[in-house]
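Working notes, beginning with the structure itself.
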Protein chains: 2
Amino acid sequence: MENYKDRIISFYKKHRRMPGYKEIMNLTGFKSKNAVFKLINHLVDAGIVSKDSQGKIIPSRSLDEIPMLGLVEAGFPSSVEEEMTDTISIDNYLIENKESTYMLEVKGESMIDAGIHEGDLVIVERNRNPKVGDIVIAEVDGGWTMKYFRKDGDKVYLEPANKKFKNIYPEHELNIAAVVKGVVRKY
Amino acid sequence: MENYKDRIISFYKKHRRMPGYKEIMNLTGFKSKNAVFKLINHLVDAGIVSKDSQGKIIPSRSLDEIPMLGLVEAGFPSSVEEEMTDTISIDNYLIENKESTYMLEVKGESMIDAGIHEGDLVIVERNRNPKVGDIVIAEVDGGWTMKYFRKDGDKVYLEPANKKFKNIYPEHELNIAAVVKGVVRKY
DNA sequence: GTTGCAGGTGAACCAGAGTTCACCTATACT
DNA sequence: AGTATAGGTGAACTCTGGTTCACCTGCAAC
């Protein structure tokens, strides 16, 4: 019954577009387009998929986005519908300029007091002038590192977020390759 | 010239499907479908979009996913092409069961030693039995909190990641609402 | 029962998707 | 000059997409 839904979603994930009527007939076993037409209308009512102004089938937001609830302290709402303030795609939340955005896996513990641990992924953006206080990916005196970007007067330096490490005052060259825009950790 | 690309990408983001030939004619100002046909083939060669087996236009992976480079310590590759090990969608990376996944904004500092700060978003999954050591969203004695899930013998308790807070030994009830699967932070 | 109705088939319809062919430029190259 | 060549128009074609209509079930409600 609602098995059809899963097959359509699978098709979307596999092919990166919604199936057409003929393809849904194959997915479901229906022999008439009208059966598909009615099925789609039910799915639209159920909020599973949507149609745009030309009637074309498009994925509903709930296929890509996940519900954003309130604060942790407020707890988990007993009825999710009640407190659902928003729905969000993590990609859209974190990424502004896809062209210049990359990810790097974190090695080492030099930023641990900033909540960036080994194994985390950082989302970085190239071609940005770093502001003081930004976390940057920098090449300094031949080595690469991730640190806070600081200024003392007009002298720039790099500060780790770990008392065991020392500030880095570049002697020869300081090449800021990218600015850290976000952090992602998976358990 | 390559302005057409951006208009097509904008259309995709706005309508959540790729435009058809007629729509691309409106986007670009072309007056013949063949001009679109040639444009699309160029974009396919350039890796901007793809066609599937039926010739239908689908977004290429690079529209949703971002390149995954190496480790931070290894630095930023001079040529991105060289070291691009993979490309990944953050949504797919973090979310396993979309049906039961939600996001919560973090308040308070009780998990700061685990690298979870106030203002971070946690990705949580409902309906999972927590394993010892998992970070959980729990209702204990009337209040909601996020803590490590621990066991001492067969007695369960909650442990914060902040020395300023004390372990919580539930007296009346301990209701695990969700297990934390990931953390996202945006700067 | 028989009445209603959700849910299926089958056929018709038009607009659009994707492709191909012939042809028409401008521009660059020797 | 002439001649490739990239990039556009215009028209033809087939197949599918989305919609609508008429009709045929089986099953539940009264």
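Values in this document were obtained by computation on a predicted structure and should not be read as measured data. All heavy atoms count here, side chains included; hydrogens, waters and symmetry mates do not. Here is the naming used below: chain letters follow the sequence lines, and residue numbers restart at 1 for every chain.
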| Which atom of A/Ile9 lies closest to which atom of A/Ile48, heavy atoms considered | CD1-CG2, 4.4 Å
| B/Ile24 vs B/Met18 side-chain heavy atoms within contact, under 4.5 Å | no
| said: Determine whether a donor-acceptor pair (N or O, by modelled atom type, separation under 3.5 Å) exists between the side chain of A/Arg126 and the backbone of A/Ser100. | reply: no
| With sequence neighbours left out, what residues match B/Asp52 under side chain to side chain contact (heavy atoms under 4.5 Å, CB included)? | A/Arg17, B/Gln54, B/Lys56, B/Ile58
| remark: The ring-ring contact (aromatic ring centres under 6.0 Å, His included) partners of A/Phe30 (sequence neighbours excluded) come to A/Tyr4
| said: Using whole Å, what does the distance between atom C1' of nucleotide C/dG7 and atom OH of A/Tyr4 come to? | reply: 10 Å
| note | Residues of residues 9-17 of chain A with a heavy atom under 4.0 Å from any atom of DNA chain D, listed by number, are none
| message | Can you list everything that forms a side chain to side chain contact (heavy atoms under 4.5 Å, CB included) with A/Thr101? Sequence neighbours excluded, please. | response | A/Ile95, A/Ile123, A/Glu125, B/Ile66
Going by atom type alone, with no hydrogens or angles, which donor-acceptor pairs under 3.5 Å involve a side-chain atom of residues 176-187 of chain B and a protein atom two or more places apart or on another chain?
{"unit_1": "B/Arg185", "atom_1": "NE", "unit_2": "B/Asp120", "atom_2": "OD1", "d": "2.9"}
{"unit_1": "B/Arg185", "atom_1": "NE", "unit_2": "B/Asp120", "atom_2": "OD2", "d": "3.2"}
{"unit_1": "B/Arg185", "atom_1": "NH1", "unit_2": "A/Ala114", "atom_2": "O", "d": "3.0"}
{"unit_1": "B/Arg185", "atom_1": "NH1", "unit_2": "A/Gly115", "atom_2": "O", "d": "3.4"}
{"unit_1": "B/Arg185", "atom_1": "NH1", "unit_2": "B/Tyr187", "atom_2": "OH", "d": "3.1"}
{"unit_1": "B/Arg185", "atom_1": "NH2", "unit_2": "A/Gly115", "atom_2": "O", "d": "3.2"}
{"unit_1": "B/Arg185", "atom_1": "NH2", "unit_2": "B/Gly115", "atom_2": "O", "d": "2.8"}
{"unit_1": "B/Arg185", "atom_1": "NH2", "unit_2": "B/Asp120", "atom_2": "OD2", "d": "3.1"}
{"unit_1": "B/Lys186", "atom_1": "NZ", "unit_2": "A/Tyr93", "atom_2": "O", "d": "3.1"}

| Which value, rounded to the nearest 0.5 Å, describes the distance between B/Asp113 atom CG and B/Tyr148 atom OH? | 8.0 Å
| query | Under the side chain to side chain contact (heavy atoms under 4.5 Å, CB included) test, which residues partner A/Asn167, sequence neighbours left out? | reply | A/Tyr157, A/Glu159, A/Pro160, A/Tyr169
| Can you tell me how far C1' of C/dA17 sits from CE of A/Met18, to the nearest Å? | 18 Å
| query | Which pair of heavy atoms, one from B/Met146 and one from B/Ile116, lies closest together, and at what distance? | reply | CE-CG2, 3.8 Å
| B/His42 side chain N/O closer than 4.0 Å to the phosphate oxygens (OP1, OP2) of D/dG7? | yes
| Partners meeting side chain to side chain contact (heavy atoms under 4.5 Å, CB included) with B/Lys14 (sequence neighbours left out) | none
| said: Give the residues of residues 22-30 of chain B touching DNA chain C, defined as any heavy atom closer than 4.0 Å, sorted by residue number. | reply: B/Lys22
| Quick one: B/Lys31 NZ to C/dC23 C1', roughly how many Å, whole number? | 17 Å
| query | Which part of the nucleic acid, if any, lies within reach of A/Ile40 when heavy atoms closer than 4.0 Å are counted: base, sugar-phosphate only, or nothing? | reply | nothing
| said: Which residues pass the ring-ring contact (aromatic ring centres under 6.0 Å, His included) test with B/His117, not counting sequence neighbours? | reply: none
| remark: With five pairs defining each end axis, the helix from C/dG1-D/dC30 to C/dT30-D/dA1 comes out bent, to 10°, by 20°
Strictly under 3.5 Å: I want the nitrogen or oxygen pairs between protein and nucleotides 19-24 of chain D, one per line.
{"unit_1": "D/dT19", "atom_1": "OP2", "unit_2": "A/Tyr21", "atom_2": "OH", "d": "3.4"}
{"unit_1": "D/dT19", "atom_1": "OP2", "unit_2": "A/Lys51", "atom_2": "NZ", "d": "2.6"}
{"unit_1": "D/dC21", "atom_1": "N4", "unit_2": "A/Asn34", "atom_2": "ND2", "d": "2.8"}

Atom pairs and distances, donor-acceptor, side-chain atoms in residues 32-45 of chain B, under 3.5 Å, two or more places apart:
{"unit_1": "B/Ser32", "atom_1": "OG", "unit_2": "B/Ala35", "atom_2": "N", "d": "3.2"}
{"unit_1": "B/Asn41", "atom_1": "OD1", "unit_2": "B/Lys51", "atom_2": "NZ", "d": "3.1"}
{"unit_1": "B/Asn41", "atom_1": "ND2", "unit_2": "B/Phe37", "atom_2": "O", "d": "3.4"}

